[in-house]
Structures are given as C-alpha cells and as structure tokens.
Amino acid sequence: MSEKNTELMDKIVSLAKRRGFIFQSSEIYGGINGFWDYGPYGTQMKKAIEKLWWNYMVESRTNVEGLDSTIICHPRVWKASGHLDQFGDLMCDCRECKSRHRVDQMEDPTTCPNCGSKDLTEPREFNLMMKTFVGPVFDEDHTAYLRAETCQPIFVDFNLVRVATRQKLPFGIAQIGKAFRNEINPRNFTFRSREFTQMEMEFFCTDEDAMQWYEYWRDQRLKYYEMLGFSKDVIRTYDHEKLAHYAKAAMDIEFKFPFGWGELEGIHHRGTWDMSQHSEFSGEDMQYVDHDNKRKVMPVVIETSVGADRSMLALLCNAYDEDTAETKKEGKAEEVRIVLHLPAIIAPVQVAILPLSKKLNENAEKLFGDMAKYFRCEYDVTGSIGKRYRRQDEIGTPFCVTFDFDSLEDNCVTVRERDSMSQERVSMDQLRNYIDEKVML
RNA sequence: GCGAGUGUAGCUCAGUUGGUAGAGCAUCACGUUGCCAACGUGAUUGUCGACGGUUCGAGUCCGUUCACUCGCUCCA
C-alpha cells in the first residue's frame, strides 16, 4: 500500500471513530482483535444498508423469501457442510521456512518436512469455527458452533420455507445476520473481522437453468452497486479459476479500497453440494418434486453473498472526500472541507434541521418533529451556521434545512445541498416531497 | 502465524541527559453575529495501551503482553 493510501485509510478510521461510525470493540480494555462496534451514525448507516439490500433482494420480488435463523445450529449442520472436518486438525508452523503442516501427516512431528528444520511451533488446533457450549455442562457432548456463514441454515430450512410459502422452483431465500470466523489474521479495519454481518441469498433452481440464473444474479448485483454510486473505476469482477470442491462457477465483485482490491460480494454456483449433503446427513429428502415434468430434482443453488460491514466500509471509502470551501477565519480565504458524498438513501442523517438562531428553537423543533417521521433527521442549534454545515458534511448529511427569521413569515426554509453547497428556498408544505424525490435512488 | 514499525486528551501531535503531563483543533457555557469550520471570554477533558522490573523518583530505561499499521502467510 502506498503511503498516500495508508494516510487515506487512517483518515477514514479516524473520522469513523471521531464522529461515531465505528469504534474498536472493548476499547477501554485495550481492544480485541477482529471485533468492531458501530456507533450512533454507523448503526444508522448499517441499518440503512441492510434495509436497502432487503428491499432490493426480498421485498421487491415475488420469488425471494426472507428468513432469520439462529446463530447456533445443530452441530451436524457443520458436519454436513464440511466446515468441521476441514479445520479440525492439529497443525504446526515451521519458523524457518514459514510452512504449515498437519501433525498427523508428518513422519516426524519434530522435523519440518519441507526444510528439515527442528524449529517448529507447538501443535495447535486450527478451526475457523467459534466454539461454545449449549447447556451447563462444558464437555464434548455439549459443544456447539457459532455459524461461519448464514447460508447453511437457509439450506436446512429449505423445505419449511417452501411449504409455508407455496413457492415453486425457481425461488430464493434470503437472510441478514451475524456470522463468526476465527480469522487467523484480522486486518484492514472492519474488512476482515471475526464477527461480521452477512447478507446472503440462496436461489434454488434446476440444473438446466442454473447458469442462466447465475448470470441473472450477477447482473442484478452489479446493477445494485451502480445504483449506490460506485463507478466502474472502483468496482470490478473477478472470475475464480480455482473453484471450491462444491462449486460449478464462482465470481467476486471487488471494490478498490485504499489498501487494494477487496471482495465485497461472492456470486457462486454451488451445484447440489449443500442440498445433497444435508439430505445425506439429516436423512430428510431435500429433493424437489417437479410436478410439471413429473420428476424429482435436487435443487441447484446460486448464491449471492455480501458482507454488510464490507459494503459499509466501501461506501465510506468511496464517499470520503476533501475539497476546499470559503472561510471567514481571519487570514484565510478558504479551508479544507471534509465531506462524505454518501448516497442519500444510506446516509446516517438524511436531513439536518438547523435554526439560524436559538430564538427560533420552538418553531424549528416542530419542523424537526414533522420531518423525523419520514427521514433520518438530526437537530442542531449549537455553533455558527457554517460550523453546523461542516459537521453535517463530515457525516454525509445530504440536506441541511435552515429555519430563519423569514420562515415565520413566509413559511419557507432554506435547503442547503451537501455536494454543491447550493441553497434553495422551499415551502415547508412542499419540503417532504422535495426531499423525498431526491432521496430516491 | 512470521518479520518490521507505532501506541501521550475525542482528533493531530510536542514532551530535553529519568525530576509535579502540554499545544492546536474539537467539545461545553456566556456574550456577539445571523447562511458556509467568524470573533471574544471562560470551562471541561488524561489508567502517557496494559502488567511487571530497575530507580529516591519512569511518559522517558528494561522485560512481558495487548492493540493498530505495513510486508509475507492465510482466507475452506
């Protein structure tokens, strides 16, 4: 990473803390690696991202249903998915050549099979899944795991959702929720965390239609990022050449973070792997009865899997900007303005209500009350009007509504737009519609 | 996981050969102003990342540890 980009990332991290977007978890105890808290503005923004995704992927479609499953599932879910077996091994690292080996596959557990060095770390259990216990007894029989991905419970509940909703193939099931991974090396702010929110949609279809749906969802998802204001310069797709054992096709949608290109979303053709595994391990037939063609088929899964935290980080990085603006400060003509060009639909505060003077408090507060029913609003009366505009710029508020002395007479307010800093006089009766139109994507 | 660097107020940072913790910005109050970080006066803010050691005395020296950043590694 270049020095300039490190600096940019530092500025974003600093702004995120200072203005209450993202804090390090347990900060007063020195922090805990890989865990992050969302502050007041961060929470608003993350909820808005989730709401937008949910509307785009679930509410606006007749063929996608929602689900909210538990974080802890029956341990056999993770046996079936393959998560447990592949990471249950004792491993040790060679300090000499930095290679990593499974202890049970080493001829001599004290010698590195790669370089012959004796300088090995103690054997350690490697498992990306976080372990816990269900019930008061802490032993092997009561061991359970926090889900490493939100998609598995979707597969598990497939038949329940299908019957309840009378859906026929093809259809999808979507879920937003926490997932947990014991990442070896959390890095790059919230990009790689140990606790994170996934927004996943599993689309079930027949094998013959699968590639067509794969392409459909790829296009839908790319459209979504375009809608959020990401230009072609900062978004790219990456087709996997090396596929996971279960996958038929896979691609990532990547964003150009200051620290480099990073995955925002994966779109995967998972074949029948998951459904077959759960059929085998549970004994429940996960096949779909295709009445039209008088046959039984194992549903094929096309997955779109987004990290909500990564979406948010990408939006912050994409929005961060410094320009210059006029100032009244003595000896200066202009000063740096920090501004987040966030899309209005996901900005933590959409409308700031600012009385020009404290004397106007009463009437301005009433306006706040009216507008807060429809938009995420904030009320601020402290400091000069210019200072308050700058505060709102820093958190990405697209509209500042200033209530002034004339407002009492003409029933109009001034709407100041974030990006252009231009102002327009709008009747308070029309204010809701005026902003509504601009908030829409 | 390996290697290197960093850690002092909310933020950015200063802090001398070890001797009572500072600045700017931010925040708050009052006054003034009344549309782009204005001005004046005043105020608040610290486990100096944590633990231990050396010392009469540690922000400063030593050890351990935690967190962050960078480079490898990893990312089923």
Does a nitrogen or oxygen in the side chain of [X] sit under 4.0 Å from OP1 or OP2 of [N]?
X: A/K17; N: B/rC11; value: yes
X: A/K387; N: B/rC35; value: no
X: A/N33; N: B/rC68; value: yes
X: A/R391; N: B/rU27; value: yes

Checklist entry - What is the base-pairing partner of B/rU27, counting Watson-Crick and G-U wobble geometry with both distances under 3.5 Å? => result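 Here B/rU27 is engaged in a pair, and the nucleotide opposite it is B/rA43.
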
Checklist outcome for this item: Taking a pair to mean Watson-Crick or G-U wobble geometry with both distances below 3.5 Å, B/rU16 pairs with none

Candidates [options] - which lies nearest the side chain of [X]:
X: A/Y389; options: B/rA38, B/rA29, B/rC35; result: B/rC35
X: A/S357; options: B/rG34, B/rC35, B/rC68; result: B/rG34
X: A/R416; options: B/rC36, B/rA67, B/rC35; result: B/rC36
X: A/R187; options: B/rG34, B/rG10, B/rU69; result: B/rU69
X: A/K358; options: B/rC30, B/rC68, B/rC36; result: B/rC30

Checklist entry - For the side chain of A/D404 and the base of B/rC35, is some donor closer than 3.5 Å to an acceptor across the two? => result yes

Checklist entry - So is A/R310 actually on top of A/F191's ring, under 6.0 Å and inside 45° of the axis? => result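 Judged by the rule (NZ or CZ under 6.0 Å from the ring centre, within 45° of its axis), A/R310 counts as positioned above A/F191.
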
Item to check | Side-chain donor-acceptor pair present, A/R218, A/T304, cut-off under 3.5 Å | outcome: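 No, A/T304 and A/R218 have no side-chain donor paired with an acceptor closer than 3.5 Å.
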
Checklist entry - Once the angle between the rings of A/F204 and A/F155 is folded into 0 to 90°, is it parallel (under 30°), tilted (30 to 60°) or perpendicular (over 60°)? => result perpendicular

Next on the checklist: Does the plane of the ring in A/W36 sit parallel, tilted or perpendicular to the ring in A/F189? Use 30° and 60° as the thresholds.
Outcome noted: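 Ring orientation of A/W36 relative to A/F189: perpendicular.
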
Is [X] touching bases, backbone alone, or none of the nucleic acid, heavy atoms closer than 4.0 Å?
X: A/K359; result: base
X: A/E394; result: base
X: A/E263; result: nothing

Checklist entry - Are A/R432 and A/D370 close enough for a salt bridge, meaning some N to O gap below 4.0 Å? => result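 A salt bridge is absent here (no side-chain N lies under 4.0 Å from a carboxylate O).
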
Checklist entry - Does A/R194 or A/T402 map to a spot on RNA chain B nearer the 5' end, using the closest nucleotide for each? => result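 Nearest-nucleotide comparison on RNA chain B picks A/T402.
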
